[in-house]
Amino acid sequence: MMAREVFHILIESSFQPVGFIDNVKPKTDSLPRPWLGGDEELSNLPNDGIDCFCLAVGDQFIRETLFDRAQEAGLSGPLVVHPSAVVLTSLADLGEGTIVYPNAVVMNDCTIGRGVVINSGSQVAHDCRIGDFVNLNPNSTLGGKVSVGPRSMVGMGASVR
């Protein structure tokens, strides 16, 4: 479950998650924080003193829809970079709501869109352009000056040159 992975990345990146939102209530108590309800609860979160969100949704189209809904509710999506990741690009060039997993590498002069997931062991070489809501799956590699369009997925272990 991607939510459990992202939960631990948030904790190790000094965030304090308060709960999970999912349209399907988990069947077990495997989540380390309470289930807060379905996505209809997004608009209520600011009333509860919650001001940001982190999306752990693998489907990039659903992630985009939920991202837009959360922003419409007044929530912000922080940039989350695991401490073991290496990011040589300016953080200002990484989009809102992007998650950089453990042991990922982002080299110099890259531009990364909103809601991007850069999974464990992925490498993004110099001067890459990554569109909004892209998934770079584990151990994928982008060579220098590669452009990846919005809502694309680069498969596990794939190399793009």
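To the nearest 0.5 angstrom, T111 atom OG1 is 9.0 Å from I130 atom CD1. Rounding to the nearest 0.5 angstrom, the gap separating the CG atom in L55 from the CD atom in Q60 is 13.0 Å. Note that CD1 of I11 and CD1 of I9 are 11.5 Å apart. Values are rounded to the nearest 0.5 Å.
For R33 (side chain) and P17 (main-chain N/O), a donor-acceptor pair under 3.5 Å exists by modelled atom type. A donor-acceptor contact shorter than 3.5 Å links the side chain of W35 to the backbone of D22.
Closest approach of A73 and P46 over heavy atoms only: O-CG, 3.2 Å. The shortest heavy-atom contact between C128 and L142 is SG-CB, 3.9 Å.
With sequence neighbours left out, the side-chain contact (heavy atoms from CB on, under 4.5 Å) criterion links N44 to E41, N47. For S84, the side-chain contact (heavy atoms from CB on, under 4.5 Å) test picks out H82, P102, N103, with sequence neighbours left out. For A56, the side-chain contact (heavy atoms from CB on, under 4.5 Å) criterion is met by M2, A3, V6, not counting sequence neighbours.
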Next on the checklist: Run V160 and V148 through side-chain contact (heavy atoms from CB on, under 4.5 Å) and show every step you take.
Outcome noted: CA-CA 9 Å; V160 181; V148 178; 5.7 Å; no

Next on the checklist: Pair L91, L79 - check side-chain contact (heavy atoms from CB on, under 4.5 Å), show working.
Outcome noted: CA-CA 8 Å; L91 294 181; L79 169 64; 3.9 Å; yes

Item to check | T141 and S159: CA distance, side-chain angles, deciding distance, side-chain contact (heavy atoms from CB on, under 4.5 Å) verdict | outcome: CA-CA 5 Å; T141 302; S159 294; 4.1 Å; yes

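Listed by first and then second residue, the side chain to side chain donor-acceptor pair (under 3.5 Å) pairs involving residues 85-100 are Q71-E96 (not counting sequence neighbours). Judged as a salt bridge (Lys or Arg N to Asp or Glu O under 4.0 Å), the pairs with a partner in residues 48-65 (not counting sequence neighbours) are, in order, E64-R151.
The side chain to side chain contact (heavy atoms under 4.5 Å, CB included) test with V105 is passed by exactly one of V86, L88, V100: V86. When each of I99, V81, V80 is checked for a side chain to side chain contact (heavy atoms under 4.5 Å, CB included) with S13, only V80 meets the rule.
At a threshold of 4.5 Å between side-chain heavy atoms, the hydrophobic network of Ile, Leu, Val, Met, Phe, Trp and Tyr places F133 and L94 in two separate groups. L66 and L10 fall into different hydrophobic clusters, defined by Ile, Leu, Val, Met, Phe, Trp and Tyr side-chain heavy atoms under 4.5 Å apart, directly or through other members. Hydrophobic clustering (ILVMFWY, side-chain heavy atoms < 4.5 Å, transitive): V154 and M156 are in distinct clusters. No path of Ile, Leu, Val, Met, Phe, Trp and Tyr side chains, each step under 4.5 Å between heavy atoms, connects I112 with M107, placing them in separate hydrophobic clusters.
Ring centroids of F67 and F53 are separated by less than 6.0 Å, placing the two rings close together.
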Could you tabulate the donor-acceptor pairs under 3.5 Å formed by side-chain atoms of residues 116-127, not counting sequence neighbours?
{"from": "S122", "atom 1": "OG", "to": "N119", "atom 2": "O", "distance (Å)": "3.0"}
{"from": "S122", "atom 1": "OG", "to": "N137", "atom 2": "O", "distance (Å)": "2.9"}
{"from": "S122", "atom 1": "OG", "to": "S140", "atom 2": "OG", "distance (Å)": "3.2"}

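Side-chain contact between F7 and F20: present, with at least one pair of heavy atoms (C-beta onward) separated by less than 4.5 Å. Contact of the L42 side chain with the L75 side chain is registered, since non-hydrogen atoms from C-beta on lie closer than 4.5 Å. Using a 4.5 Å heavy-atom cutoff, the side chains of F15 and C54 are not in contact.
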